[in-house]
Amino acid sequence: MTKRWKSIGLAAMLAGLTLSASYAEAAGVLTIGRREDSTTFDPIKTAQNIDNWVFSNVYDVLIRVDKTGTKLEPGLAESWTVSDDGLTYTLTIRDTKFSDGSLLTAEDAAYSLLRIRDDPASLWSDSYKVIDTAVATDAHTLTIKLKNPSAPFLSTLALPNASVISKKGMESLGAEAYGEKPIASGAFVVDEWRRGDRVILKKNPNFWEADRVKLDGVEWISVPDDNTRMLNVQAGELDAAIFVPFSRVEELKKDPNLNVDIDASTREDHLLINHAHGALGKKEVRQALDLAIDKKAIVDTVTFGQGTVANSYIPKGALYYYADNLQRPYDPAKAKEMLAAAGASDLTLNYVVRAGDEVDEQTAVLVQQQLQKAGITANLQKVDPSQEWDMLVAGDYDISVNYWTNDILDPDQKTTFVLGHDSNNNYLTNYKNEAVKELVAKARLELDPKKREEMYVNLQRMGKDDVNWIDLYYSPYINVSRKNIDNFHQNPLGRFFLEDTVKN
């Protein structure tokens with residue numbers, strides 16, 4: 001899911017300066033400060049955390065990932081079976097309704113899966129092309145037939161972007177209207193979306209677990225400036241805030257009115273490299289860049305010890321993570337030699353940086369200084385966060401720091417996005433290696449866990465050898481909340497279980 005944001009308006013910036021006390025004091029309404037606004041409520045049209053983390057409580061999925069982020073559990077499908085040949089999945093859909101009171105049936109579930117597979121606007125179609133047919137045998141029985149066995153398939157059903165939407169609602173409202181104010185299948189309903197300011201959610205009385213939900217509503221409020229967002233929580237103008245800067249953790253821990261929650265995550269920060277730009281297309285040049293960056297110094301300086309140096313695109317603790325993967329040492333002298341041998345001495349790079357993001361700006365200055373020691377000039381181009389994502393998608397950059405958090409338990413999804421040549425140019429990098437692409441496809445089909453693990457170990461080795469991007473560090477989720485807020489946590493995949501959050 002991933003991973004950056006798309007639009008923040010002036011209204012959001014102004015909202016961050018003074019928040020109406022009536023919102024923060026509203027009984028049973030949780031106010032959460034975040035950097036950015038949502039981009040859409042059409043689940044197939046985004047791959048960004050700012051959307052998916054809200055989707056997860058507006059929509060429900062057929063199969064969920066539990067709070068530990070380690071196993072699957074029933075969602076809208078109360079049970080399921082898999083045929084011996086691994087080709088037929090039969091799911092029993094529980095008796096429930098959408099937020100508009102209409103019945104949620106297996107037909108809606110089938111429609112949602114075929115839409116994420118077939119709709120030209122879907123960013124996730126590659127992961128669902130394995131589906132041959134998805135049919136509602138009856139109102140409560142969904143039968144899915146695959147083209148071939150797929151090891152990650154159950155995990156892909158838990159992706160927030162594969163949430164169950166209303167077939168009738170989508171067909172009558174149209175994708176644009178549905179993406180503005182959807183018919184919910186989850187714990188909360190979108191009551192109002194004030195673009196650039198906030199998303200206002202209200203409890204969904206038709207949710208199948210409505211008795212579990214303690215909050216009357218949730219407001220996700222855009223406060224782009226990190227320090228302003230922290231001050232809003234300290235002042236009681238927000239109940240909680242996410243993306244706590246590393247530099248503020250110890251200070252906030254000392255505030256008797258606050259809880260600082262540090263949760264295990266699958267977050268990996270990395271330096272994107274645009275392989276389509278000149279010398280960056282040469283593997284030796286990218287390897288030299290890797291040698292020229294001191295990851296430990298970044299971890300120590302920027303994360304204040306909260307992070308650990310990354311050595312793989314698969315995060316530490318995730319399925320098939322290869323702990324012994326290559327980790328190039330910091331060696332600017334060798335990097336300089338390699339650049340000269342590759343005909344890339346005096347390399348000059350356009351480094352796109354998100355203005356106002358404390359961690360991103362600190363990292364940029366460090367990386368710029370480190371690259372200079374290898375004879376590389378990195379020109380920092382600070383841009384408004386509303387511009388950054390579009391620039392990366394358009395390939396209007398040479399290098400830029402980004403991050404990824406896993407959306408499913410299986411490594412197939414991230415591997416497909418960053419190495420498998422899918423529709424987004426291998427997550428914005430234009431990386432291409434036909435042998436890697438072939439192995440990504442084979443790993444998806446391999447059902448033997450030991451053989452599959454070996455494939456992913458090799459993929460991690462190959463990605464590191466090619467330097468598809470430069471792994472920087474792994475870090476936890478760090479959020480802050482007022483003392484009267486209980487159970488405000490994320491699982492390692494980033495899902496907030498707001499159905500369990502309490503405002504006392």
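Values below: all heavy atoms of this structure, side chains included; hydrogens, waters and symmetry mates excluded.
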Test item: [X] side-chain N/O and [Y] main-chain N/O as donor-acceptor pair under 3.5 Å:
{"X": "R212", "Y": "E499", "result": "no"}
{"X": "T31", "Y": "D239", "result": "yes"}
{"X": "R495", "Y": "G69", "result": "no"}
{"X": "Y473", "Y": "D269", "result": "no"}
{"X": "S122", "Y": "I116", "result": "yes"}
{"X": "R248", "Y": "M230", "result": "no"}

Residue pairs fulfilling salt bridge (Lys or Arg N to Asp or Glu O under 4.0 Å) with at least one residue in residues 129-152, sequence neighbours excluded: none

Note: [X]-[Y] ion pair, threshold 4.0 Å (strictly below):
{"X": "K442", "Y": "E438", "result": "yes"}
{"X": "K214", "Y": "D500", "result": "no"}
{"X": "D263", "Y": "K67", "result": "no"}
{"X": "R34", "Y": "D37", "result": "yes"}
{"X": "E209", "Y": "R64", "result": "yes"}
{"X": "D471", "Y": "K464", "result": "yes"}

Atom [atom1] of [X] with >12 non-hydrogen neighbours under 6.0 angstrom:
{"X": "E454", "atom1": "CD", "answer": "no"}
{"X": "D211", "atom1": "CG", "answer": "no"}
{"X": "E176", "atom1": "CD", "answer": "no"}

Check [X] against [Y] and note the closest heavy-atom contact, atom names and distance.
{"X": "A109", "Y": "L142", "answer": "CB-CD2, 3.8 Å"}
{"X": "A134", "Y": "A110", "answer": "O-CB, 3.5 Å"}
{"X": "G420", "Y": "N426", "answer": "N-OD1, 3.2 Å"}
{"X": "P43", "Y": "N161", "answer": "O-ND2, 2.7 Å"}
{"X": "N259", "Y": "I485", "answer": "ND2-O, 3.9 Å"}

Let me see the working for D412 and R452 under salt bridge (charged side-chain N to carboxylate O under 4.0 Å, His left out), right down to the final yes or no. CA-CA 11 Å; D412 172 67; R452 196 160 184 254; 5.2 Å; no

Assess the side chains of [X] and [Y]: does a donor N or O sit below 3.5 Å from an acceptor N or O?
{"X": "N406", "Y": "T266", "answer": "no"}
{"X": "K503", "Y": "N484", "answer": "no"}
{"X": "N204", "Y": "S99", "answer": "no"}
{"X": "Y322", "Y": "N458", "answer": "no"}
{"X": "T415", "Y": "Y313", "answer": "yes"}
{"X": "S166", "Y": "D100", "answer": "no"}

Do any pairs count as a ring-ring contact (aromatic ring centres under 6.0 Å, His included) and have a residue in residues 181-221, sequence neighbours left out, and if so which ones? F41-W193, W220-F496

Is any side-chain heavy atom of [X] closer than 4.5 Å to a side-chain heavy atom of [Y]?
{"X": "T137", "Y": "T90", "result": "no"}
{"X": "D255", "Y": "V260", "result": "no"}
{"X": "N487", "Y": "F497", "result": "no"}

Can you name the salt bridge (charged side-chain N to carboxylate O under 4.0 Å, His left out) partners of K168, sequence neighbours left out? none

Would you please name every residue forming a salt bridge (charged side-chain N to carboxylate O under 4.0 Å, His left out) with D191, sequence neighbours left out?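 Listed in chain order: K202.
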
Can you sort out the partners of N325 under side chain to side chain donor-acceptor pair (under 3.5 Å), two or more places apart, ordered by chain and number? none

Partners of T68 by side chain to side chain contact (heavy atoms under 4.5 Å, CB included), sequence neighbours excluded? D66, T70

